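Below you'll find the structure, written out as C-alpha cells, and then a few comments.
These figures come from a predicted structure and were not determined experimentally. Letters A, B, ... mirror the listed sequences (proteins, then strands); counts begin at 1.
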Amino acid sequence: MLDKKYDFKEKEIKWMNYWNDEKIYEFKKDQREVYSIDTPPPTVNGKIHIGHIFSYSQAEMIARYKRLKGFNVFYPFGFDDNGLPSERLVEKEQGKKAHEIGREEFSKLCYDTTTKYESDFKKLFKRAGFSANIDNAYKTVSPSSTKISQISFIELANKGACYHKESPALWCNECLTSIAQAELETKTIQTMFNYINYETTDGETFTIATTRPELIPAIVCVFVNPEDPVHNHLIGKTAHIPVIDVEVPILADEKVAIDKGTGVVMCCTFGDQTDIEWWKKYNLPLKNIFTNDGKIVDSVKNYGGLTIKEARAKIIEDFKEAGYLVKQEELEHEVQVHERCGKEVEYTVMNQWFIDIMNQKQDFIDIGNQIKWYPDHMHIRYNEWVENIMWDWCISRQRYFGVPFPVWYCKKCGKVKLARIEDLPVNPLVDQPTTPCECGCNEFIPEKDIMDTWQTSSITPLINMRYGEKDNYEDILKPMSLRCNAHDIIRTWDFYSIVKSFYNFGAKPWENVMISGFVMANKGEKISKSKSNSKMEPFELLDEYGADVVRYWAGSGKLGTDIVFNDETFLRGKKLINKIWNVSKFIEMHLADYEDKEFNDFEYIDKWVIAKFNEMESGFIKYLDNYEMGLALNHLEKFFWNFCDNYIEIVKHRLYRPEEFGDIPRYSGQKTVYMILYKLLQDFSIFFPFITEEIYQELYHDQKSIHLTNIKEFDYDFNNELINGDKLNMIISQVRGEKSNNNMSVKTPVKSLKLSLSDELNDAVNKAIKDFKATLFLEDLTINKTDKDFVIDEIILDLDATN
RNA sequence: GGGCGAUUAGCUCAGUUGGUUAGAGCACCUGCCCUACAAGCAGGGGGUCGUAGGUUCGAGUCCUACAUCGCCCACCA
C-alpha cells in the first residue's frame, strides 16, 4: 500500500541507495544502440550553486528519456580539477600564493583540496537523482587523463598543428600566467583620457590622446593616417617625446582612425592588439617595459620598480609639470580582463606553445555545420566566435597544477624533444627522455610550463573513450551522441573540443549539441556572480522540496533560455508531485482485485482517454527528440491534470459501484487506469525519478526499476473517439459551471437536462450514457437534433438539495 | 559598432508548420470538505500579444524599420 502522505526524505534516500546497490544505471556493451553523453566536468572551485543543478539536470533528463526509448545510455561523469580555478581555490584557503608554498607541496594541496570538494559535488548530483556514472568520475588531472592529454598534444605536434614559438601572448599579472583569448571577459571601467603634446624634431607641436600614459616609455613610433589632411604632413618626420626624452619615427598607416582621439596614435610594444599588428607589419623594435607581476622594469629611468598604476600617476604628474599635458577627459570604456581574477590583461613576449587556429578556421566552421545544435541559434553564436577569433590558441600556462608538457629542450642544440607515446604519462621535471637528441646530446632542459586546462577538458570525448588504451570505447563513441553545456562555454569547451577532434580525428566529436540557459538571481544578474543567497542553495532546496521538485524547476522552461530563479515554480512542482501521489493512491485502491489480461471491450470514455494519452505522448516524444524537456514536461503536465480532473472524476463512479455499472465496465476502467498510470509514471520518471520509482515498485514492479523499462505506444487506436469525447467533456464542464454559478456543489443533482446534439455527438453520448449521467448526477436527459455540435437548451438543478 | 535572443494577463511563462472567441501557474474574487488529494475541486474577473508599416481571404505567428532589455564579440590611440 502506498503511504497516506509521500515522505520524500525517506523515499529519496531509499531509492538512491537502491539504484546504487543494484547498479541500475551501469553501462555494459550489448546489442542495443549506444546513446552517449559528453557532460561537462564541473570546475572544482568550491562553489556549488543552483546553476549546476539547472543545466546538468536538463541533460540528465535526456539520458533518462533515451534509456526509456531503449538506448544503451553511456553517461560518464568527471571533474575538471586541474588548472587555475583549483589553484585559486587553494591559494584562497591557504591565504598564500602558490610560489610561496612551493611547487610540489602546492600541487599536492591542490589534489587533496579538489578531491575534497569533488565529494560534495558527487553527493549533490546523487541526491538530485543523477543517473550518470558518478562513482567512477574521471579527473582531468589524473594520470590516465594526463596520459590522454599528452597523447593528444603529441599527435598535434607531430602534425604541425601545435608549435613552440616566442610570440606575444595575453598575460595576466595577477595569476602570473599567459592566457588565451577565450579566457577574456570585458569590463567597463572609468578612466582618464589624457591629451599630451609631443613635438617633431623640427619644432612642430602635435597632440596624442591616451588612456595609458604609463606606456609612453615603451613608445616605438607614432602613426597617422595618410588620408588625414591635418596630420599627414607629419609622416616621415621624427617625434621627440618630452620628459622621457626619446625620439621615434612618425609613420603612416590607414588603420588609424582620423576621428578618434586626436587622430595621431602612439604605438607602444605592447599596449593593445593593434600595437602587436603594427609591430609585426613594420618590424618595429620591442620595448617590453612591464615585469610579469605588473611593475615597470628597473631599466626604465624614473619609473622602474613602480606598479603600473603608480607609474601612470607619476608620468601624468611629470608631463603636467613640464607643461605637456593639454587636458584630461573622463572616459568610460570596456577593457579586457582575465575571467578568473577580473584583472586587466597585458601582453608579453615569451616562448609559448600554440595550437594553430587561424589557418583552420574554415574546417572548424565546417565541423560545426555537421553538428546539430539545439537550439539552432547557438550554432550562429559558435560561428561568430570562430570567425572573430584573432589568436592561435596559447596553451602554455606558467603555473603548477595541471598536465605537464611531455617536452624537453636539448641543452646543446635547443631542439624540442617530445616524449614517446609509450612512455606517457611523463613529467619532464622528474622524468628524462628515453632517447638522445638527434644531435646526439643526452642532456635536456625540461619544459616547466603546464597546459591550459581547456587543453585537457577539450578532450573529454577522448577521455570517455579511453583513447589509446587497449580496452577502449572508440568503436561506439566516434562520434558521441550528445554534448551538453550552458551557453557560456560554447567559445571554450565546445570550440576547443571541435578543434581537438579535427586535429586528432579529422571528424566531428558529437552528433548533437544541446545548449542550456543560465540561472539568473534577478533579471540580468548571473547567479554565479550574485552574493550567496541561502534561498537558492542547492542542498537547502533539496532538503526543503526534495529532488523531484527541484528537478521540476530545473526541467521547466525553454532550452537555451536563461531563467530567473523564482519559487513559484517550486510550489507548482510540489503540487504536481502531490497530485501524482494522490491519484496513484486512488488507482491502487481500485486495483486490489485487478488482474491484467487481454481485453477489448472498453467503455467509450476509456477509449477516449487512451486516445488522448496517445495524442499527448506523441507530442511529448517530439519535444524530447528536439531536446525540449521543458516543453515536454509542460505538455505532459497539462494532460495529467486533465486526466485527474476530468477522466478520473468520470470513471470513479464505475470503479466504486460495479453493482450499478456492471463488472465488465468496471474492468474497462480498471484496465484503463492501470495502463495509463504505468505510462504516466514512465513519462514522469524522466523528471521525477524518485516518486515514480516508489509508485512503480508498489503497483507494477515488472522490472527491477522503472528506469529499466521501455516506453511503447499503446496497441489501441481509438482516435475516432477523440473529437466527440472532447465535446462530451465540454458539455460536462458547462453543466458543472452552471452548478458553480449557483454556488452549488458539483454533487448537486440535475433534475433535468435538455440538449440538442449533432448525430455524431448523440451517438457518443449514448455510448457513454451511464458515465455521463453519473458524473453530472443527472436524473432526466432529453436530446433533440441540431446541425451544430451541441446546444444546451435547459438545465434544471435540484436547488433544494443540501450542499 | 557587429551578432544573437527576448518583448503575450498584476507576476512567471507556454503558444509546434499563419486558421474560429489568445492559454497555464501564481496572485485576486465567488462557491464547494464530494469515500485520491483543501498542497484539493468547480467557476469568475483580468490581455489593443513592445511601436509603426507591409504580405495575406486571414498575423501573437511571416517581412521591413524602430524602441526597450539581456547575452556574446569588437572598440584600450
Side-chain angles (χ1 to χ4, degrees), chain A residues 2 4-5 181 184-186 189 191 193-195 208-212 215 222-224 255-258 260-268 271-275 331 333-336 344-345 375 377-385 387-390 487-488 490-491 517-518 520 523-526 556-558 560-569 571-590 619 622-623 626 628 630-631 634-635 637-638 641 644-645 648-649 652 656 733-748 777 803:
Chain A
L2 295 173
K4 188 163 170 49
K5 289 263 173 196
Q181 189 182 348
L184 297 176
E185 258 177 18
T186 49
I189 61 160
T191 186
F193 213 15
N194 305 285
Y195 290 76
I208 61 109
T210 178
T211 59
R212 300 205 56 188
L215 279 166
V222 167
F223 279 106
V224 300
K255 221 191 157 181
V256 178
I258 298 168
K260 209 169 188 178
T262 60
V264 186
V265 194
M266 63 172 185
C267 175
C268 309
D272 67 9
Q273 188 77 36
T274 318
D275 289 344
L331 177 73
H333 73 158
E334 307 259 295
V335 293
Q336 292 182 314
E344 289 168 55
V345 294
H377 68 258
M378 293 298 179
H379 184 191
I380 301 171
R381 219 150 145 161
Y382 168 82
N383 284 343
E384 274 292 304
W385 173 256
E387 277 159 14
N388 290 326
I389 199 158
M390 298 166 81
H487 53 61
D488 58 330
I490 293 174
R491 67 182 191 175
F518 248 72
M520 313 297 260
K523 270 217 166 113
E525 186 192 356
K526 279 184 190 167
S556 66
K558 209 172 169 171
T561 305
D562 294 344
I563 66 157
V564 175
F565 182 91
N566 76 320
D567 33 38
E568 271 174 25
T569 311
L571 182 68
R572 188 170 167 174
K574 200 169 155 183
K575 287 183 171 188
L576 176 58
I577 293 291
N578 188 48
K579 194 78 174 176
I580 292 172
W581 186 253
N582 283 318
V583 80
S584 300
K585 261 172 27 188
F586 173 82
I587 289 171
E588 183 187 34
M589 216 165 82
H590 292 283
K622 205 169 132 195
Y623 281 130
N626 284 306
E628 285 284 7
L631 301 183
N634 213 301
H635 190 66
E637 188 183 356
K638 198 171 163 187
W641 286 96
C644 294
D645 295 339
I648 293 289
E649 286 305 316
K652 72 192 327 182
Y656 274 120
S733 173
Q734 289 188 23
V735 176
R736 281 192 186 147
E738 183 65 17
K739 295 181 186 182
S740 194
N741 291 338
N742 283 287
N743 291 345
M744 307 292 282
S745 149
V746 286
K747 283 187 85 179
T748 306
F777 299 87
N803 278 335

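The separation of rG60(B) from rU20(B), taken at their C1' atoms, amounts to 16 Å, rounded to a whole angstrom. With C1' as the reference atom, rG46(B) and rC11(B) are 13 Å apart, rounded to whole Å. Nucleotides rA42(B) and rC49(B) are separated by 29 Å at their C1' atoms, to the nearest Å. The separation of rU55(B) from rC62(B), taken at their C1' atoms, amounts to 8 Å, rounded to a whole angstrom. Spacing between rC28(B) and rA9(B) at atom C1', rounded to whole Å, works out to 12 Å. Between rC63(B) and rG5(B), the two P atoms lie 11 Å apart (nearest whole Å). With both ends at atom C1', the span from rG2(B) to rG10(B) equals 37 Å, rounded to whole Å. Rounded to whole Å, the C1' atom of rG45(B) lies 32 Å from the corresponding atom of rA52(B).
Checking rC71(B), rC32(B), rG3(B) against every side-chain atom of I380(A), the shortest atom distance belongs to rG3(B). Out of rU35(B), rU16(B), rC41(B), the shortest distance to the side chain of M589(A) is found at rU35(B). In this structure, the nucleotide among rG3(B), rC41(B), rC71(B) sitting nearest to the side chain of E384(A) is rG3(B). Closest to the side chain of V335(A), out of rA42(B), rC76(B), rU35(B), is rC76(B). When distances run from any side-chain atom of K260(A) to the nucleotides rU35(B), rG5(B), rC75(B), the shortest one goes to rC75(B). The side chain of R736(A) has rG43(B) as its nearest neighbour among rG43(B), rC37(B), rG5(B).
Within 4.0 Å (heavy atoms only), I587(A) reaches no atom of the nucleic acid at all. Nucleic acid contact class of S733(A) (heavy atoms, under 4.0 Å, all strands): sugar-phosphate only. Using a 4.0 Å heavy-atom criterion, one finds that W581(A) contacts no nucleic acid atom at all. Heavy atoms of V264(A) sit under 4.0 angstrom from primed sugar atoms or phosphate atoms, though from no base atom. As judged by a 4.0 angstrom heavy-atom cut-off over every strand, C644(A) is placed among the base-contacting residues. Counting any heavy atom pair closer than 4.0 Å across all strands shown, D645(A) reaches sugar-phosphate atoms only and no base atom. Contact annotation for F223(A): no contact, since no heavy-atom pair falls under 4.0 Å across all strands.
Looking at V264(A) and V222(A), their side chains come closer than 4.5 Å, going by heavy atoms from C-beta outward. You'll find the side chain of V265(A) reaches within 4.5 Å of the side chain of V256(A), heavy atoms only. By the 4.5 Å heavy-atom criterion applied to side chains, N634(A) and Y623(A) are not counted as neighbours. Looking at W385(A) and I490(A), their side chains never come closer than 4.5 Å, going by heavy atoms from C-beta outward.
Rounding to whole angstrom units, CG of residue D488(A) and C1' of rC4(B) are separated by 16 Å. H487(A) places its NE2 atom 10 Å from the C1' atom of rG5(B), with the value rounded to the nearest Å. The NZ-P distance, from K747(A) to rG40(B), rounds to 20 Å in whole Å. What separates CZ of F518(A) from P of rC69(B) is a distance of 22 Å, to the nearest Å. Separating the CE atom of M378(A) from the P atom of rC72(B) is a distance of 11 Å, rounded to the nearest angstrom. Atoms CG (N578(A)) and P (rC41(B)) sit 10 Å apart, rounded to a whole Å. The interatomic distance linking I563(A) (CD1) with rG70(B) (C1') rounds to 15 Å, in whole Å. The interatomic distance linking K739(A) (NZ) with rC34(B) (C1') rounds to 11 Å, in whole Å.
Remark: Q181(A) is in phosphate contact with rA74(B), judged by side-chain N or O atoms under 4.0 Å from OP1 or OP2. Proximity of Q336(A) to the phosphate of rA74(B): a side-chain N or O atom is located under 4.0 Å from OP1 or OP2. Between K558(A) and rA6(B), a side-chain N or O to OP1/OP2 separation shorter than 4.0 Å is absent.
We find the CG-NE2 distance between L631(A) and H635(A) to be 10.0 Å, quoted to the nearest 0.5 Å. In this structure, R212(A) CZ and E344(A) CD are separated by 6.5 Å, a value rounded to the nearest 0.5 Å. Atom CD of E738(A) sits about 11.0 Å away from atom OG1 of T748(A), to the nearest 0.5 Å.
Side-chain atoms of E334(A) and base atoms of rC75(B) include a donor and an acceptor less than 3.5 Å apart.
In terms of modelled atom types and a separation under 3.5 Å, the side chain of D272(A) and the main chain of T274(A) share a donor-acceptor contact. Remark: the backbone N or O of T210(A) is paired with a side-chain donor or acceptor of N194(A) at under 3.5 angstrom. Put simply, the side chain of N388(A) gets close to the backbone of E384(A): a donor and an acceptor are under 3.5 Å apart. With K739(A) contributing its side chain and V746(A) its backbone, the two residues share a donor-acceptor pair below 3.5 Å.
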* Assess whether side chain to side chain donor-acceptor pair (under 3.5 Å) is satisfied between K585(A) and N582(A), documenting all intermediate values. => CA-CA 5 Å; K585(A) 261 172 27 188; N582(A) 283 318; 3.3 Å; yes
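For R572(A) and E637(A), the salt-bridge test passes: some basic side-chain N is under 4.0 Å from an acidic carboxylate O.
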Taking Watson-Crick and G-U wobble contacts under 3.5 angstrom, with | marking pairs to another strand and [ ] crossing pairs, the secondary structure of RNA chain B is written (((((((..((((.....[...)))).(((((.......))))).....(((((..]....))))))))))))....
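Heavy-atom nearest nucleotides on RNA chain B were determined for K574(A) and for L331(A), and the one closer to the 5' end corresponds to K574(A). Comparing L631(A) and I648(A) by the nucleotide of RNA chain B whose heavy atom lies nearest to each, the residue mapping closer to the 5' end is L631(A).
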Expected string for nucleotides 23-30 of chain B under the B/S/- scheme (protein heavy atoms, under 4.0 Å, primed atoms plus P, OP1, OP2 as sugar-phosphate) is -SBS---S
